[in-house]
Amino acid sequence: MNLKIVLPLLLLTINVASGQNTTLKNPELFDKSLKKDSVIAEFSELYHLTNTIHPGQFMFCSKNEFDKTYSSLKSSIKTDLSLVEYYKLTATLMAKIKDGHTAVDRGRIIGLLNERLVFPFSIYKIMGHYYLDKSSQENKEYTGLRILTINGKDINTVVNEMKQYIHLEGRNETGLNVRFSNFPFYYFMYNQTEKFEIEYADRSNHKLKEIFKGMPFKEYTSYISKKTEPLTTEFKTNDLAVLRFRSFENGYNEADRKIAEKQLDRFFTRLDSLKTKNLIIDLRDNSGGSADIANYLFSYISSTPYYYFDYMGAKYKSVKEWKHYAQYPDNIEEINLNETKFKDGLNCYTETDGTDNWWFELQQNKPNFYKGKISVLINGGCFSTTGHLLALMKEHKIGKFYGEYSQGSNYSNSGGQAFVLPYSKTLVWIPTFQYRMRTPHFINDPKGIKPDVEIQTESDDLRTGFDRQMDFVMKQY
């Protein structure tokens, strides 16, 4: 198998497609255009496809639980369905697996949703409560206020129902704040109203109500979107430097990867020259990307040679019966069972020719590896390849972690493949491989990777933009 084809796929790229403009009341969202019998047949195909290929299907959900959910959802199909109804049905089944790379693509619905009026805020969970977060400038005064009800429904009731069709990894909860940057989308799935009565507690804890008119979804996304460089470096002093890696996507393209590698070369050369004592590595909200660039960074902070992946494993024995469902079937190669070992219930690749690929080969650390004190900032946005990097750091006892639980860990079920359901043309992301790091002493936690020092964002930080985690770490020096 050509492992180079699947290496660039360790990124959380699910359901980020943008859509085209539509009329304000686009009927396609609600028309019951999907025929009952065809939907039932297709839903059965999705169930069998998932059972055939998902490598981590029963890591956090038993077969009995999955089958029970499938049967219940299938039995609920009593009439023809709309796109919104079918999205919730399929997304609920996929979310049951509790895998962050397994989801129904949102792009088609977003394309029809752009001009509709939606809930005008993202929300943020802090210590079991939910707070109003990002919105337009005119709504800024409400940022950081605790939500009690929306349209008369207790916020906990609303969120608990939504969570049934939101994909998160394992028992992780911190990743919910990543998903809820798109809270207007999920609320639309819950309730298609265009006016919102919000009961909230003000800063003096008085209960108040306010009616908000919805804003066009496309306008909302423009407010929350922010362009950030994937890699930035800064020397606060000669004894304190900050390395921010917001994404490892810049490792996919060779030209971009070379630029990032040279940037890291210059940075660590200067650290070595100045004998900088303290380094902060900020990986918050880094949802993953290329293993190449994550590995390159690790080679600068490891004091010894090391291994990266332990295996890349598949559940299936052949692709013949299902590859035609793939959006890009030519990207799916046949598995060679003569080259695999059966491990952890999977057919695993564990060796490569070092001249062709580096995944399972001994990696050499840099001669000028960093020798000072390392602090690492993490949160629920750390996923996929970033989880792999954090697991390696834990395994090799590199750095002290601050912040919140990561969503990623020492494994991921990925493969970057979307599958097209033949009747509705719904896109579903289902992993084809499980990647596990060579971290024999790593202790798995179903919530993710726990920081050594937990630092929770506070509600007022949402309003002021105060970076509590960075401030805490900076005060250590």
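Just the heavy atoms: all of them, side chains too, but no hydrogens, waters or symmetry mates, feed the values below. If you read the sequence from its start, that first residue is 1, and numbering goes on from there.
Phe442 pairs by the ring-ring contact (aromatic ring centres under 6.0 Å, His included) definition with nothing, not counting sequence neighbours. Evaluation of the side chain to side chain contact (heavy atoms under 4.5 Å, CB included) rule for Phe466 yields Asp461, Thr464, Arg468, Asp471 as partners, not counting sequence neighbours. Residues forming a side chain to side chain donor-acceptor pair (under 3.5 Å) with Asn413 (at least two apart in sequence, or on another chain): Asp99, Gln434. Taking the ring-ring contact (aromatic ring centres under 6.0 Å, His included) definition, one finds that Tyr86 meets it with nothing, sequence neighbours left out. Residues passing the ring-ring contact (aromatic ring centres under 6.0 Å, His included) test with Phe212 are Phe121, Tyr142, sequence neighbours excluded.
Ring-plane geometry between Phe217 and Tyr220 is classed as tilted, the angle between the planes lying from 30 to 60 degrees on a 0 to 90 degree scale. Between Trp359 and Tyr435, the ring-plane angle classifies as perpendicular under the 30° and 60° cut-offs. Classification of the Trp358-Tyr308 ring pair by plane angle, with boundaries at 30° and 60°, yields perpendicular. Between Tyr296 and Tyr300, the ring planes are perpendicular. Angles over 60° get that label, and only those under 30° would be called parallel.
A cation-pi contact, defined as under 6.0 Å to the ring centre and within 45° of the axis, links Lys394 to Phe401.
In summary, Glu197 and Lys195 do not engage in a salt bridge, as defined by a charged side-chain N under 4.0 Å from a carboxylate O.
Ring centroids of Tyr187 and Tyr190 are separated by less than 6.0 Å, placing the two rings close together. Aromatic ring centres of Phe185 and Tyr87: separated by under 6.0 Å.
Pairs passing the salt bridge (Lys or Arg N to Asp or Glu O under 4.0 Å) check and including a residue from residues 153-174, sequence neighbours excluded, read Lys125-Glu173, Lys163-Glu173.
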